[in-house]
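Quick one: the structure is below, and I'll ask about it shortly.
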Amino acid sequence: MEKIKFGEMSIELNHISIREVSKNFFDDAELGCTAYGGKLNIRPAFQREFVYNEEQRNKVIETVKKGFPLNVMYWVKNSEGTFEMLDGQQRTISICQYVNNDFSLDDNQSFANLTEREQNQILDYKLVIYICEGDDKEKLDWFQTINIAGEKLTAQEMRNAIFSCEWLSNAKKYFSKSNCLAHTKYGKYLKGSAIRQEYLETALKWIADRDSLENLEKYMDKQKLNKVKTAEELWNYFEKVFAWVQKNFPKYRKEMKGLQWGILYNKYGKNNYSDKNFETRISELMSDFDVTKKSGIYEYLLDGEKNEKFLSIRQFDDRTKSTIYEQQGGKCAICGKHFEISEMHADHKKAWSKGGKTVAENCQMLCSDCNFKKSNL
């Protein structure tokens, strides 16, 4: 075996057969995924959920059957003599599932239907595995290095590597499984993928904002340092957010998907909206041609309809600006001074908030000073 030293970190080259790696393969969404006689933790808390599609998975098996080399894999050796998968989870699970007869290839050829010689050819295939030993910082540095290539980890998957702990494992049950509670109860409000850790990242951003923390890493670090065992605080907060959303906006619309509801809850959650008929106003604004950012309607209403920036009110087009500029003889409609068109702004004579529309009859060209003064009246 070839052993390389990087500072205090040791990296040893091993060739381990599929027969050995797949021994006692076990995969359960709640209890974890192990192999190598129970000594290899294939899915540590920092790892992504299994994301290979059928084509990718089958290609791994075809590569093995043909005797072609697979990319190297990386394990981390723990002090008690067990191992954690650092890189190679997708390939390892694909191989173990096939040997375990969990799936067949496209030609309906399962492992059980292979001849004994074909089975042994697969089982005797040697996987190239680097086994690393070192402290957490050294292992993390190596983890970041080897993930430069291949399928990129998401930002949250990288954070999971740093803050791996019992709290994180529990948080993933709420936010990171295919049919986790966050998905089944509130998936229609969320963008991204649970198994790529995007639901978890969203929840962490929101609660970090609630606690006025600099970033979500501060919240994760706090849970790890305090040896918190469950993510109940995070989940209970998440549920409060959507109880508030559903109380104020009981009718779901597609524009609600992906909004930063936790940030809005942190900002407006203490306000009393019991006397507001939001639904009627939402319907009006959704049908208003001048409102170009429909998703902004929700914060516009929560903010008391004070800031039109949330709605991105439609602006006058260049053709209308040019026409009105010529009609005014290049002069500002308020001060009467002459300006180049590039120095002027198209303004609603009657403000949108007072019923004015973005049409030529309601357009006037103003100089910068007059436009600023009018906007601040």
Side-chain angles (χ1 to χ4, degrees), residues 14-75 82-131 146-147 149-154 157 169 172-173 176-180 183-184 187 192-199:
N14 290 261
H15 295 86
I16 306 176
S17 71
I18 287 177
R19 188 188 305 276
E20 296 173 271
V21 172
S22 63
K23 184 178 179 182
N24 296 336
F25 173 65
F26 175 82
D27 189 8
D28 182 271
E30 297 297 326
L31 300 177
C33 184
T34 58
Y36 199 49
K39 294 188 293 183
L40 173 64
N41 184 357
I42 299 177
R43 193 186 296 124
F46 59 80
Q47 280 282 14
R48 62 164 67 103
E49 301 300 309
F50 186 71
V51 296
Y52 265 11
N53 59 35
E54 183 178 340
E55 181 181 4
Q56 291 173 305
R57 180 191 65 187
N58 290 353
K59 283 182 178 178
V60 171
I61 306 306
E62 292 293 350
T63 299
V64 171
K65 289 180 69 178
K66 293 175 182 177
F68 295 163
L70 283 172
N71 288 340
V72 298
M73 301 178 187
Y74 295 87
W75 297 0
T82 58
F83 305 89
E84 289 185 347
M85 179 71 68
L86 192 60
D87 183 66
Q89 182 204 69
Q90 315 297 313
R91 284 161 284 157
T92 302
I93 291 179
S94 296
I95 291 167
C96 290
Q97 285 180 342
Y98 184 69
V99 171
N100 202 45
N101 291 302
D102 292 337
F103 70 92
S104 299
L105 299 181
D106 294 333
D107 55 4
N108 293 320
Q109 192 176 59
S110 67
F111 181 78
N113 290 332
L114 298 177
T115 65
E116 184 178 354
R117 182 183 66 79
E118 290 172 325
Q119 290 180 349
N120 285 328
Q121 181 181 350
I122 292 174
L123 293 172
D124 292 335
Y125 180 97
K126 299 288 188 180
L127 299 170
V128 180
I129 300 168
Y130 281 101
I131 297 179
I146 64 176
N147 275 284
E151 186 170 3
K152 295 291 189 293
L153 294 174
T154 66
E157 286 169 334
S169 295
K172 291 180 71 177
K173 293 180 181 179
S176 302
K177 306 294 181 182
S178 297
N179 293 307
C180 61
H183 177 75
T184 56
S193 164
I195 64 172
R196 295 308 303 271
Q197 312 305 315
E198 289 164 302
Y199 288 3

Any heavy-atom pair between the side chains of T34 and N24 that's under 4.5 Å?
no
Ignoring hydrogens and geometry, is there a side-chain-to-backbone donor-acceptor pair from Q56 to N53 under 3.5 Å?
yes
So how far is it from N113 CG to L105 CG, rounded to the nearest 0.5 Å?
10.5 Å
I'd like to know if the side chain of Q89 and the backbone of R43 have a donor-acceptor N/O pair within less than 3.5 Å.
no
Kindly indicate whether the side chain of I18, heavy atoms from C-beta on, has any atom under 4.5 Å from the side chain of I122.
yes
State, to 0.1 Å, how close Q109 and L114 come at their nearest heavy-atom pair, and which atoms those are.
CD-CD2, 3.4 Å
pair Q97-F25: side-chain heavy atoms closer than 4.5 Å
yes
Exercise: do E198 and S193 side chains pair donor with acceptor under 3.5 Å:
no
Nearest 0.5 angstrom please: M85 CE to I93 CD1, how far?
7.5 Å
To the closest 0.5 Å, what do you measure between CD1 (I195) and NE2 (H183)?
10.5 Å
E55: salt bridge (Lys or Arg N to Asp or Glu O under 4.0 Å) partners, not counting sequence neighbours:
K59
Would you find a donor on one side and an acceptor on the other, under 3.5 Å apart, between the side chain of Q121 and the backbone of K65?
yes
What pair of heavy atoms forms the shortest contact from A194 to K177, and how long is it?
CB-O, 3.4 Å
Would you indicate whether the side-chain heavy atoms of W75 and N14 approach each other to under 4.5 Å?
no
Mark yes or no for whether Y199, through its side chain, and K172, through its backbone, hold a donor-acceptor pair below 3.5 Å.
no
E116 side, atom CD; L123 side, atom CG - distance, nearest 0.5 Å:
10.0 Å
Between R91 (side chain) and N71 (backbone), is there a donor-acceptor pair under 3.5 Å?
yes
N58 and S104 have their tightest heavy-atom pair at OD1-O, 4.3 Å
Non-hydrogen atoms of N101 and A112 that approach each other most closely:
OD1-N, 2.8 Å
Can you tell me how far apart CD1 (I129) and OH (Y36) are? Round to the nearest 0.5 Å.
7.5 Å
Distance check, rounded to the nearest 0.5 Å: E84 atom CD versus I42 atom CD1?
12.0 Å
How are the rings of Y98 and F111 set relative to one another: parallel (under 30°), tilted (30 to 60°) or perpendicular (over 60°)?
perpendicular
Heavy atoms, side chains only, cut-off 4.5 Å: are K126 and I16 in contact?
no
Is any side-chain heavy atom of L127 closer than 4.5 Å to a side-chain heavy atom of Y125?
yes
